[in-house]
*Asks:* 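Provided herewith is a single structure, encoded as structure tokens, for subsequent inquiry.
Throughout, residue positions are numbered sequentially from 1 according to the sequence presented. Note: hydrogens, waters and symmetry copies are ignored here, and every other heavy atom, side chains too, is used.
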Amino acid sequence: MLKTLGAQVKEFKKSSILTPVFMLLEVLMETIIPLMMASIIDDGIQVEGGNIRHICIMGGLMTVAAAIGLFAGIMGGKYGANASAGLARNLRRAMYENIQNFSFSNIDKYSTAGLITRLTTDVTNVQNAYQMILRMCTRAPASLICAMVMAFVINARLASIYLIAVILLGAVLALIIRGSTKYFTVGFKKYDSLNRSVQENVSAIRVVKAYVREDYENEKFTKESAGVAAVFSKAESVLALNAPAMQFTVYACILGISWLGAKMIVGSELTTGELMSLLTYCMNILMGLMMLSMVFVMVSMSIASGERIAEVINETSDLHNPEHPVYEVENGSIEFKNVDFSYEDKGGEAVLKNINLSIKPGETIGIIGGTGSAKTSLVNLISRLYDVQEGAVFVGGRDVREYDMEALRNQVSVVLQKNTLFSGTILENLRWGNKEATEEECKHACKLACADEFIEKMPAKYNTYIEQGGSNVSGGQRQRLCIARALLKKPKILILDDSTSAVDTATDAKIRKAFAEEIPDTTKLIIAQRISSVQNSDRIIVMNEGEIVGFGTHEELLKESEIYREVYESQTKGSGDFDEGKGEA
């Protein structure tokens, strides 16, 4: 973990070095000031007739030392803030960039809420801990050691009180830190759960209101929040022991030094100035211990956060480019040879079993099957979002594992079941497909996807702002915009994963016709629940429980596939599809 986090200091090494240097300079100034004060009392005030010249010289030197200490403290704070904020920036960037390289199987390991917590709360904890380590973890031990040395130089007998106090307090702090760390580890996991609850509620607020589930969601949130509060209360209750332990030690030392020191002054074993210096060093030592305890508290919190951050940074994608990747996809042909696939690498139940399939370039292939029949899993293997366990998938005559993944995915456009738009204008969303696309190209793609019909009716047309997730457009409009976005890639393979389910059959037919006429050389795979959406395809795949149970034309399947025939008859009995000839819902 430390190696992973330390690697992210990078360009902030200078600030990370200068911070403790300035902290040490500040401590040095704080250490010599009590000596000057003792000299003023013993050699300037208590000498016969007083020594004004000595008092003025020592006073001037104290002023200079204080000014240097103040400057060092300010610069230490400046460089410490720069180093810690820079580390936080690099940690967020490292996590975010690595997440972009995750395969789907890597993403499946982490919840969205958990990743957000790591990018925000966990990084903030590490940032605060790093700043305290650079500043207080340098300043406190240095102050403690210097004060302890000077105290022993002045009077070893009285300084022994400090040594005993430091040992006892150190043991107490170790027990406190050990007790609190385990609670923080559990607490951050509960944070993930709380964030997930909030995220689900906010993103699905319309569903919550539609089903009048506000009370249920409030109860769920209250329960999650109470769980977080309970764990952190336990952690804080352990940490709360730190304050009384510190206060007891401080007051005990002051009383001990004062009592013994007074007796030694009476016995001429100690001067008044030396006693004042010892009391000042007493406070320096105990303040150093207090700062160290604060550092330990923050570090104990950040250890759990640091481990969670390092876990994401060190996570390696299950998918890798070959040593000498192929960058050119020759055509849109697709072939599956004896493919078995499971979402678990070993020992998991096979989702796809013994898939053998051959599709020619430019063909339109329909894919139907019941829920859970692995239709989406099948097409995910084409763009290598997952790797097969057995067999091989070929695109353009080559195993997909031979391609550069970016080059392969640029030639395979996928419109997923869940249509996602991003905040920005319609044009900005469309250019996700091709960032260099002209406005005319965008308009043409929208015409093919039948999206131009509603865009032209909007006040700002293609400059209309889309809210996060596309919440200000309907489901059918989102689907058509996503299809247009995919078409702008000009892919060799286009996969539509149930992506016309929210449009009426008339619009669905227009989209399929446009595909046939405008992109005849593109291989098109259309996953659908309605047979009317795929019956005009060149061939249709029928899937059931992860296996291909039928593959042929509409007419062939009506004769040969009992499953296909039953679905067709159930959908066409009566007056046809429920939305035939109707507008979009």
*Asks:* Would you check if D387 and R384 make a side-chain contact, meaning some heavy-atom pair closer than 4.5 Å?
*Replies:* yes
*Asks:* If you look at every heavy atom in V9 and Y130, which pair is closest and at what distance?
*Replies:* CG2-OH, 3.7 Å
*Asks:* Could you give all pairs that pass the salt bridge (Lys or Arg N to Asp or Glu O under 4.0 Å) test and reach residues 300-311, with sequence neighbours left out?
*Replies:* R118-E311, D122-R308, D192-R308
*Asks:* What salt bridge (Lys or Arg N to Asp or Glu O under 4.0 Å) pairs are there with at least one residue in residues 76-86, not counting sequence neighbours?
*Replies:* none
*Asks:* State, yes or no, whether a side-chain contact exists between Y403 and P325 at a heavy-atom distance under 4.5 Å.
*Replies:* no
*Asks:* Should the ring pair F22 and F71 be called parallel, tilted or perpendicular, given that the plane angle runs from 0 to 90° and is split at 30 and 60?
*Replies:* perpendicular
*Asks:* Grab the two heavy atoms, one from N434 and one from L488, that are nearest each other, plus how far apart they are.
*Replies:* CB-O, 3.4 Å
*Asks:* Are the side chains of N128 and S302 in contact, using a 4.5 Å heavy-atom criterion?
*Replies:* no
*Asks:* Between F422 and N429, is any pair of side-chain heavy atoms under 4.5 Å apart?
*Replies:* yes
*Asks:* What distance do T222 atom OG1 and D215 atom CG have between them, rounded to the nearest 0.5 Å?
*Replies:* 10.5 Å
*Asks:* Any non-hydrogen side-chain atom of I426 less than 4.5 Å from a side-chain atom of Y465?
*Replies:* no
*Asks:* If you measure from CG on L18 to CE on M23, what distance do you get to the nearest 0.5 Å?
*Replies:* 11.0 Å
*Asks:* Heavy atoms, side chains only, cut-off 4.5 Å: are I161 and L260 in contact?
*Replies:* yes
*Asks:* Would you indicate whether the side-chain heavy atoms of F12 and N90 approach each other to under 4.5 Å?
*Replies:* yes
*Asks:* State plainly whether the residues E11 and R89 are in salt-bridge range, i.e. N to O under 4.0 Å.
*Replies:* yes
*Asks:* Would you indicate whether the side-chain heavy atoms of I466 and T425 approach each other to under 4.5 Å?
*Replies:* no
*Asks:* Look up atom CZ in R485 and atom CD in E428, then write down how far apart they are to the nearest 0.5 Å.
*Replies:* 13.0 Å
*Asks:* About how many Å separate CG of N82 and NZ of K14, when rounded to the nearest 0.5 Å?
*Replies:* 10.0 Å
*Asks:* Just verifying a value: how many Å separate R478 CZ and L421 CG, rounded to the nearest 0.5 Å?
*Replies:* 7.0 Å
*Asks:* How long is the gap from SG on C137 to CE on M132, to the nearest 0.5 Å?
*Replies:* 9.0 Å
*Asks:* Does E219, at its CD atom, have more than 12 non-hydrogen atoms belonging to other residues, nucleotides or ligands within less than 6.0 Å?
*Replies:* no
